[in-house]
Structures are given as C-alpha cells and as structure tokens.
Amino acid sequence: MEFEPLDQFLQRRKKLSEIESLGHSPYPHRFDYTHTPRQITEQFASRTAEELTAERATVRTAGRIVALRPHGKAAFAHLAGDGGRLQIYIRLDVVGEQAFKLFQLLDLGDIIGVSGELFRTKTAELTVRVEKIGLLTKALLPLPEKWHGLADVEMRYRRRYLDLIVNERAREIFLRRAQIVRELRRFFDERGYAEVETPMMHPILGGATARPFVTHHNTFDMDLYLRIAPELYLKRLVVGGLDRVYEINRNFRNEGIDAIHQPEFTMLEFYQAYSNSLDLMDLTEELFRGLAEKVCGGTKIKYGENELDFGRFERLSMRDAICKFWPAAAGAAPNAAEMAQSGGPRGVAERYNAYAHSSSAEPIAAVEKRTDGELTGELFEVIAEGHLTQPTFIYDFPTGISPLSKQKPDDPSLTERFELFIAGMEIANGFSELNDPVDQERRFRAQVEKGGQDMPKEVDIDYIRALSHGLPPTAGEGIGIDRLVMLLTDSHAIREVILFPLLRGADAPDAAPPDAAEGPK
RNA sequence: GGGCCGGUAGCUCAAUGGUAGAGCAGCUGACUCUUAAUCAGCGGGUUGUAGGUUCGAGUCCUACCCGGCUCACCA
C-alpha cells in the first residue's frame with residue numbers, strides 16, 4: 001500500500017533502504033532509556049549551564065523528531081516524547097562519520113533514541129549533546145505542516161494519531177479524560193460500590209426513550225438492540241442484593257449528531273439502595289466539587305466566556321424554573337400554583353405560544369394533544385434550560401415524563417427526580433427508583449400504547465418480575481461522561497473529547513465510499 | 001432531514017469570466033550554537049465529482065459527495 005503524499009512516501013522508503021544498507025534496522029525491537037524527553041526538561045529545568053557542565057549528566061532518551069535544523073556538519077533537532085520537547089545537538093566530530101550518515105537519512109516524524117551529556121546552548125536551552133544515535137522507527141509519512149499544524153477538524157478526528165502528535169491540547173484533553181474516569185472510579189470504589197458490566201446488546205429496549213441501533217445475532221437468529229441505557233439491568237442487580245453498583249460504559253442512540261450529541265457516548269450510572277434522590281443530589285455535588293479540585297485545581301473553572309463555580313450548586317424546581325425564566329416580553333409570568341393546577345401548564349403553554357408566534361422563538365407544538373406533565377417539560381426546555389449556566393439541579397419532574405421514577409408522597413403528579421444542568425447542558429439525571437411492580441407495569445404499558453419511534457415496543461416482563469421480588473428503596477443516577485469531560489477541559493464540542501467520533505464516510509475524505517455501501521433503497 | 005457557509009499543490013491560503021500562484025513541507029547543493037535556521041536552485045495541480053452556460057469556467061448555473069455552523073429529534 002502506498003499513501004499520499006506519494007513523492008514523499010517514496011522518498012522516505014528510499015531512505016529506509018539506504019539506512020538498511022548501512023547495516024541499521026529501521027524497526028528495532030526495544031530501547032532502554034534513562035528518562036523520557038519530558039522527564040529531562042522537568043528534572044533539569046533549574047540547572048545552570050555551569051552546573052550541567054560540572055555534573056556531566058548523561059541521559060539516554062527516545063522520541064519522535066518534530067523539528068530538524070541541519071547545519072552541514074552539525075544539526076539541531078527536537079525530540080517529542082511523553083508530552084515534552086527536548087532539543088538535541090549532533091556534531092559530525094562527536095558522533096563520527098557512520099552515525100552522522102545515519103542522521104542525514106532521518107526525517108521529521110522518525111522515532112530515534114539518543115544518548116549524551118546535557119548542556120545549555122548559548123540561548124540557554126537545555127540540550128543533549130548526542131554521542132550515540134539510533135533509529136527506532138522510520139516514518140514513511142511526513143508530519144502535518146509545522147506552522148499551522150493540523151488544523152483541518154475533519155482530519156483531526158479521522159487521523160487522531162496525528163492530532164495527538166501535533167496538538168498539545170488534544171493530548172491534554174484525553175489524558176485528562178483518563179484522569180477523570182480514574183477519579184470517578186476511585187470515588188465510587190471508596191464508597192463501597194461494585195463496578196459491574198451489564199449487556200450492551202438488549203433483546204428489549206428500555207431504561208430511556210431513544211431510537212436504537214438494531215443488530216442481529218446469527219446463531220440465535222435474533223435481533224438485538226444496542227443498549228440505550230443500562231438502567232434496567234443495574235436495578236436487577238440491586239434486587240439481587242448488590243446494594244451499590246456502578247457501570248461506566250457506552251450507550252448507543254440512533255439520533256442526531258451535533259456539538260453535544262454522538263451516537264455512542266459514555267455514561268456513568270450508579271445505584272444506591274436505601275437512598276432517595278435528595279441523597280444523590282448531595283452526593284453529586286460532592287463528586288463534582290472533588291473532581292474540579294482534583295482535575296482543574298479548584299472549584300471555579302473556566303468554560304468559554306463563563307466561570308463555572310463547582311463549589312455551589314443551585315436547586316430549583318422545574319415549575320419554579322419556568323416561572324423564573326419566563327421571558328419578560330411574554331407578559332405576566334406564571335406562578336407555581338398556576339403550574340400545579342390541572343390544565344395550568346396548558347394555559348401557560350398557550351400564552352407562551354402567543355408570544356412565540358409574535359417573536360422569533362420556537363413555539364411548542366401540538367399543545368392540545370399533550371398532557372400537563374409533557375407541557376411542563378416542554379416549557380422548561382424552551383424557557384429555562386438555556387439559562388442554566390451555573391451548576392443547577394432541576395427537581396420535581398412531572399410523572400408523565402418520568403416513567404421509572406417514584407412519585408412524590410404528597411403530590412403524585414410529580415416524581416422524586418432531578419437533572420443537573422451546567423453550561424446549558426444536561427449533565428446528569430437521577431431519581432428515586434420506582435419499585436412498585438404494579439405501578440411500573442402500568443407505566444410501561446402506557447408507553448407502549450402511546451407508540452412512537454423512540455418508545456418501547458414491548459414491556460420488559462422480566463424487569464417487572466424482578467421488581468416483584470422486591471427492589472429496596474433505591475436511588476439511581478446517570479452522568480454523561482463526555483459532557484462532563486467537556487466541562488472540565490473547556491471543550492465546546494463533544495467530538496473534541498471522544499477519540500474517534502463518528503463521521504460520515506468510511507475512511508479518509510479522499511477515499512469516497514463505494515456506491516455498494518448505499519445498499520438497496 | 002431543513003437553512004447558511006466552505007472544498008484550489010502533501011499542508012495553510014491567493015487568483016475581475018481571459019497563461020492557476022505564494023509560504024511551508026519535499027528534492028539537490030552550501031553551511032559545526034540553531035530554534036518558523038539561513039542562502040541558491042528544482043520538481044509538484046483532472047481547482048471535491050458529474051453535467052450545463054460561454055469563443056473561453058477555479059470563478060456563473062444544476063445535481064451529487066464531503067466538512068463546518070445552525071435548526072429540528074435527543075442526553
């Protein structure tokens with residue numbers, strides 16, 4: 001296989017065979033090093049030129065050549081490794097003719113190992129005076145352009161390896177993502193949770209409302225859904241006596257793609273027996289505050305134009321949020337009592353639509369067909385959601401849009417459910433789990449009857465059976481990890497925090513998918 | 001899926017409807033403290049694809065492909 005840019009690819013292959021004919025392997029098997037390039041720049045950062053000369057510190061290190069400045073019988077280069085950049089200086093009279101010949105056959109992108117003493121150049125840059133040099137891996141393709149780097153966003157996602165080599169920020173985002181996931185595990189492990197893995201292929205859809213991906217198992221000749229949520233399996237485990245469980249894994253939803261949606265995304269779900277939704281709000285605050293401190297060094301974090309304060313979470317009922325953010329141009333704001341009345345949300349929605357029609361705002365569709373609960377949820381989304389920049393729990397979700405949540409003892413129209421919003425994004429969703437099997441079956445059947453693309457087609461009878469064995473009072477929550485990583489890395493597109501986000505087409509932009517991939521219409 | 005914007009050398013970008021260009025990267029040569037190294041020279045293009053208008057299209061029109069933003073669905 002040959003790749004573009006072909007002239008450079010062929011040129012490098014020619015150099016590779018010259019290197020081989022000099023007796024060097026272009027792909028040796030291992031290399032012992034004393035430091036990574038980053039360790040050297042960090043460890044010797046404060047040494048003066050005189051100290052280095054006196055110390056005669058010898059290092060052995062390896063990295064990718066990311067800059068090359070030859071000067072005839074000498075040369076400077078920079079090696080990148082472990083997130084650091086280290087200058088090396090190579091001279092013909094130090095390394096000898098053989099080694100210098102090898103060096104002259106090296107290109108940007110090659111991975112080499114060097115050893116030598118550290119010194120400072122006359123511009124005071126810490127530098128290895130190379131005594132020995134060896135090729136560790138020949139690169140047949142060049143690095144991205146050095147001034148602009150890899151700017152093409154599509155290329156950055158499709159060839160993430162290049163993005164990671166060239167863009168420091170990409171590297172930082174994904175290392176921080178790893179750190180966040182590590183901290184999440186530590187947090188739950190410390191509190192007695194067991195990490196579990198439940199099926200990603202589900203015979204019955206459940207645990208959320210979303211359009212699924214469908215796949216097929218050949219031996220069983222069985223259609224399966226890629227899971228849209230692990231929820232129903234995790235609660236089965238709580239029935240089974242695993243009182244505290246969590247899972248960090250992918251969910252798949254066959255829906256739109258935009259700055260905060262990808263078809264496969266990572267979700268943390270956790271369940272805690274003998275607790276309710278209020279306990280989880282407290283736990284969530286503790287989790288987020290600790291994460292911000294650990295990962296960002298403080299509870300106040302920069303997110304675009306905003307400073308988000310993870311030290312203080314607001315709490316607002318959904319009805320109050322609608323009243324609070326009611327647009328001034330839409331006339332008198334509703335009050336909580338009006339929102340609570342039967343038919344109240346409908347009246348409010350009609351008022352909102354009257355305003356929406358006279359402005360550029362999007363009206364709420366099909367008001368007459370929706371229930372009060374659905375309209376409350378709609379009103380919240382169009383009126384309040386965008387205003388929730390600082391961390392805010394919205395609680396008291398209508399029962400009609402919360403099929404898995406337990407109702408409030410004093411108001412069955414509402415459930416003990418909350419969602420956490422930060423920077424206008426929904427980050428978490430938690431509730432006291434409905435554990436009455438009769439009520440749960442009734443709500444499932446109502447969903448199936450309602451129909452629609454993103455509604456379950458059948459009731460998960462085994463889940464009802466599990467509840468019939470007794471689910472202790474339990475609270476559960478899901479946290480969108482990708483969006484959490486966005487917040488903690490000041491990233492504004494979910495694709496920036498997913499290593500290989502889904503893009504249209506099979507391979508590179510220059511390799512258009514064949515027509516056969518279209519399939520029958 | 002709708003709307004808007006974009007696609008020119010490997011990369012970043014130029015080019016009134018009239019001979020497709022620059023910088024970087026690459027190649028050749030010079031150069032033993034450079035760091036966007038420098039200096040001299042050389043090669044590199046089906047202007048996203050397919051049609052159309054025109055004496056003439058990178059430029060205008062149509063369709064399609066790919067991307068970005070945005071709206072809708074959703075977390």
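All chains are named by letter (A, B, ...) in the order of the sequence lines, taking the proteins before the strands, and each is independently numbered beginning at 1.
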inquiry  = Just to be sure I follow the notation: if a pair is Watson-Crick (purine N1 to pyrimidine N3 plus N6-O4 or O6-N4) or a G-U wobble (N1-O2 and O6-N3), each under 3.5 Å, what dot-bracket string does RNA chain B give, with | for pairs to another strand?
reply    = (((((((..((((....[..)))).(((((.......))))).....(((((..]....))))))))))))....
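Atom CG in A/L140 sits about 20 Å away from atom P in B/A25, given to the nearest Å. Counting to the nearest Å, the P atom of B/G67 and the CD1 atom of A/I257 are 9 Å from each other. The distance from atom CD of A/E378 to atom P of B/A72 is 11 Å, rounded to the nearest whole Å. The distance between atom NE2 of A/H71 and atom C1' of B/C31, rounded to the nearest whole Å, is 8 Å.
Set against B/U32, B/C73, B/G67, the side chain of A/V153 has B/G67 as its closest nucleotide. Out of B/G43, B/U34, B/C27, the shortest distance to the side chain of A/D7 is found at B/G43. Looking at the side chain of A/R495, the nearest of the listed nucleotides B/C11, B/A75, B/G68 is B/G68. Residue A/R69 has its side chain nearest to B/A37 when only B/A37, B/G67, B/U32 are considered. Relative to the side chain of A/F119, the nucleotides B/C27, B/C33, B/C73 differ in distance, and B/C33 lies closest. Considering only the side chain of A/I494, B/A75 comes nearest among B/U32, B/A75, B/C33. Comparing atom distances between the A/R253 side chain and each of B/C11, B/A75, B/C27 picks out B/A75 as nearest. Nearest to the side-chain atoms of A/Y157 among the listed nucleotides B/G68, B/C33, B/C66 stands B/G68. Relative to the side chain of A/T209, the nucleotides B/C31, B/C33, B/A75 differ in distance, and B/A75 lies closest. Side-chain proximity of A/E125 to B/C27, B/U34, B/C31: nearest is B/U34.
The pair A/R156-A/E496 meets the salt-bridge criterion, since a charged nitrogen lies less than 4.0 angstrom from a carboxylate oxygen. Under the 4.0 Å criterion applied to side-chain N and carboxylate O atoms, A/E117 and A/R56 are assigned as salt-bridge partners. Ionic pairing of A/E247 and A/R227 is present here: one or more N-O contacts between side-chain nitrogen and carboxylate oxygen are shorter than 4.0 angstrom. The pair A/K138-A/E20 fails the salt-bridge criterion, with no side-chain N (NZ, NE, NH1 or NH2) lying under 4.0 Å from an Asp/Glu carboxylate O.
Between A/K14 and B/C27 there is no side-chain N or O to OP1 or OP2 distance below 4.0 Å. Distances shown here put every side-chain N or O of A/R91 at or beyond 4.0 Å from the OP1 or OP2 atom of B/U32. Side-chain N/O atoms of A/R12 include none lying less than 4.0 angstrom from OP1 or OP2 on B/G26.
If A/T127 and A/D107 are placed on RNA chain B by their nearest nucleotide, the residue sitting closer to the 5' end is A/D107. If you find the closest nucleotide of RNA chain B to A/L68 and to A/K122, the one lying nearer the 5' end belongs to A/K122.
The side-chain tip of A/R129 points at the ring of A/F119 from less than 6.0 angstrom away and within 45° of straight on.
Taking atom C1' on both nucleotides, B/C27 is separated from B/U46 by 25 Å, rounded to a whole Å.
The base of B/C73 sits with one of its N or O atoms less than 3.5 Å from a complementary donor or acceptor on the side chain of A/D258.
A/F380 has its ring centre less than 6.0 Å from the ring centre of A/F421.
Among the heavy atoms of the strands lying under 4.0 Å from A/G256 is at least one base atom, whether or not backbone atoms are also near. Using a 4.0 Å heavy-atom distance criterion, A/E381 is classed as making no nucleic acid contact.
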